[in-house]
Amino acid sequence: MTDNNNLPVFSVLPKHVGFIMDGNGRWAKNKGLPRSEGHKAGAKTFRKIGEYAADLGIEVVTFYAFSTENWKRPEAEVNAIMELFGDYLNEVIDRIRENEEKGIRLKFIGDRKGISPELLNLMDYTEMLTKNKSRITLNIAINYGGRHEIASAVKVIAEKTEKGEISPEDIDENMISEYLYTKGQPDPDLIIRPSGEFRTSNFLTWQGAYSELWFSDVLWPDFTEENFNEALRAYENRNRRFGGV
Ligand code: IPE
Ligand code: IPE
Ligand code: MG
C-alpha cells in the first residue's frame, strides 16, 4: 500500500532508527577503487536515506559515521572521511542560504575532543541554523563510542556527587540517560546494519538495550530506499515484549 505521495504505508513506524553505515571500504575494493571513493559513495547514500526517512515521517534517525575506534585507520582515510563530513555541512549551509533546506534538524553525538576546530565550527553553526526544523532530527554520530559515552556520563555524575549536588541514592537509569548525548530523544526502536556483519560495534550501547536489529548483506553505498522498506516491513512484524509476556 502507498499513500498520496507514493510512499509505502507501514502499520507501525519506528520513532527512532539507527544506521551503522558499514561496507564502504569493501564496496570500493570490489570496484578496484581507493577506500576514499567508497566513503564518497557512502556519503551519497547517507543523504538519500536521511531524506527518505524524513519523507516517511520518522522522528529521529541516527547515522554512525565515525567511531572512537576508527582513529586506528590510516591518517589519509580519516582525513578523507572528515573532509566528506565538512562537505556535507557546507552543503547544508548553502541550502539554507538558498532557502532549499529540507526541514532537517541536525545534531551531533560523540566526543568533540579530537575533532578539528574548523569542523567543530561547522557543526555548531549547522546545529544552530537547523535548531527549529521539525520534520526530522538527524543525529550524526562522529567520534562516537557507546562505552565512552557511558563512561563520560558516569564521570559527570561522580563529579556532581562529590560536590554534593547529587546523592548516590538518586542515581538511576533515567538519570544516566539524561547525561547521554541523546538526552530527550526516544531510544532507537530499530538498528540497521548492512554489510554482512552481525555486531553493533559500540553503537548506542545504552540506548539500544531493547532495539530491534536488522542485518543485510548489502554494502552501505548500495543501500536503497527499498532496502530500508524491507527493514521497516520486518519491524512491523516484530513482537516487542520488553521482558513482559
Ligand atoms: C564504514 O565503512 C565507514 C566507517 C567506518 C567510517 P568501512 O570503511 O568500515 O567499510 P568496510 O567495513 O571496510 O568495508
Ligand atoms: C562501525 O563500522 C563504525 C561505523 C560505521 C562508523 P566499523 O567498520 O568500524 O566496525 P567493525 O570494525 O567492523 O566492528
Ligand atoms: Mg567496516
Side-chain angles (χ1 to χ4, degrees), residues 16-50 52-53 60-89 91 106-116 119-120 122-123 137-152 180-182 188 190-209 211-224 227-228 231:
H16 181 175
V17 180
F19 288 93
I20 301 176
M21 304 192 280
D22 195 21
N24 296 349
R26 279 162 285 170
W27 182 91
K29 193 169 177 226
N30 291 346
K31 293 193 150 34
L33 296 169
R35 291 180 62 86
S36 58
E37 286 301 313
H39 295 309
K40 206 185 268 178
K44 278 199 190 140
T45 305
F46 152 74
R47 288 167 171 80
K48 175 180 79 185
I49 298 297
Y52 185 60
V60 183
V61 273
T62 302
F63 289 94
Y64 201 9
F66 193 86
S67 75
T68 46
E69 288 72 35
N70 287 146
W71 296 107
K72 290 177 196 158
R73 297 185 178 206
E75 200 184 331
E77 181 172 346
V78 171
N79 290 341
I81 293 169
M82 295 301 167
E83 201 174 309
L84 285 165
F85 180 45
D87 291 348
Y88 170 70
L89 297 180
E91 189 186 300
L106 281 185
K107 187 171 164 59
F108 304 101
I109 66 171
D111 192 348
R112 295 169 60 96
K113 254 185 268 117
I115 307 276
S116 75
L119 266 184
L120 285 177
L122 284 173
M123 286 158 61
T137 297
L138 194 155
N139 296 323
I140 299 181
I142 185 117
N143 197 16
Y144 176 87
R147 289 183 171 183
H148 180 72
E149 179 184 36
I150 296 167
S152 306
L180 301 179
Y181 302 119
T182 49
L190 174 65
I191 293 179
I192 295 177
R193 179 158 197 167
S195 92
E197 311 290 358
F198 298 99
R199 52 178 174 266
T200 53
S201 301
N202 209 9
F203 183 54
L204 300 178
T205 307
W206 176 277
Q207 301 88 332
S211 300
E212 294 296 325
L213 306 176
W214 191 80
F215 299 98
S216 154
D217 285 336
V218 175
L219 302 172
W220 177 253
D222 290 329
F223 197 87
T224 61
N227 295 134
F228 191 6

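A quick note: this is a predicted structure, and the numbers were derived from the prediction, not measured. Whatever order the structure lists ligands and atoms in, that order sets their numbers, starting from 1.
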Of the backbone atoms (N, CA, C, O) and the side-chain heavy atoms from C-beta on, which set of Lys72 has a member under 4.0 Å from an atom of ligand 2: side chain, backbone, both, or neither?
neither
Per-atom filter on ligand 2: closer than 4.0 angstrom to a heavy atom of Arg193 are 2 (O), 10 (O), 11 (P), 13 (O)
For Ser67, is at least one N or O under 3.5 Å away from an N or O on ligand 2?
no
Start with the C-alpha distance between Arg26 and Ser195, add both sets of side-chain angles, then the distance that settles side chain to side chain donor-acceptor pair (under 3.5 Å), and finish with yes or no.
CA-CA 9 Å; Arg26 279 162 285 170; Ser195 92; 3.1 Å; yes
Nearest protein heavy-atom contact for atom 4 (C) of ligand 2: which residue, which atom, what distance?
Tyr64 CD2, 3.8 Å
Are any of the N/O atoms on Asp22, whether in the backbone or the side chain, positioned under 3.5 angstrom from an N/O atom of ligand 2?
yes
Could you pull out, from Gly25, Ala141, Ser201, the option with a heavy atom nearest to atom 1 (C) of ligand 2?
Ser201
Taking all non-hydrogen atoms of both residues into account, name the closest pair between Ala65 and Ile140 and its distance.
CB-CG2, 4.0 Å
Provide the closest heavy-atom pair for Pro221 versus Thr45 in the form atom of the first, atom of the second, distance.
O-OG1, 3.0 Å
For Lys48 and Phe223, work out which heavy atoms get closest and say how close.
NZ-O, 2.9 Å
Quick one about Gln207 and His16 (side-chain donor to acceptor, distance below 3.5 Å, no hydrogens or angles considered), yes or no?
no
Please identify which atoms of ligand 1 are closer than 4.0 Å to at least one heavy atom of Ile81.
6 (C)
Is ligand 2 less than 4.0 angstrom away from at least one heavy atom of Arg199?
yes
If we set the cut-off at 4.0 Å for heavy atoms, which region of Phe203 has an atom near ligand 2: side chain, backbone, both, or neither?
neither
Any protein heavy atom < 4.0 Å from atom 11 (P) of ligand 2
yes
Could you confirm whether Asp22 has any N/O/S atom lying under 2.8 Å from the Mg ion (ligand 3)?
yes
May I ask you to check whether Phe19 and Phe46 place their ring centers less than 6.0 Å from one another?
no
Between Glu37 and Lys31 (salt bridge meaning N to carboxylate O under 4.0 Å), is one present in this structure?
no
Non-hydrogen atoms of Asp222 and Asn227 that approach each other most closely
O-OD1, 3.8 Å
Heavy atoms of Thr68 and Trp71 approach each other most closely as O-CD1, 3.2 Å
Side chain or backbone of Leu219 under 4.0 Å from ligand 1, or both, or neither, by non-hydrogen atoms?
neither
Could you pull out, from Arg26, Met21, Arg73, the option with a heavy atom nearest to atom 9 (O) of ligand 1?
Arg73
Ranked by distance from atom 13 (O) of ligand 1, the top protein heavy atom is Arg35 NH2, 2.9 Å
Assert yes or no for the condition that the ring centre distance of Phe108 to Tyr181 is strictly below 6.0 Å.
no
In terms of its nearest heavy atom to atom 2 (O) of ligand 1, the top option of Asn30, Asn24, Ile20 is Asn24
Would you kindly specify which portion of Glu197 sits under 4.0 Å from ligand 1, judged on non-hydrogen atoms: side chain, backbone, both or neither?
neither
Closest non-hydrogen atom pair between Arg199 and Arg193, with its separation
O-NH1, 2.8 Å
Those atoms of ligand 2 less than 4.0 Å from some heavy atom in Phe66:
6 (C)
Where does Ala65 meet ligand 1, judged by heavy-atom distances below 4.0 Å: at the side chain, the backbone, both, or neither?
backbone
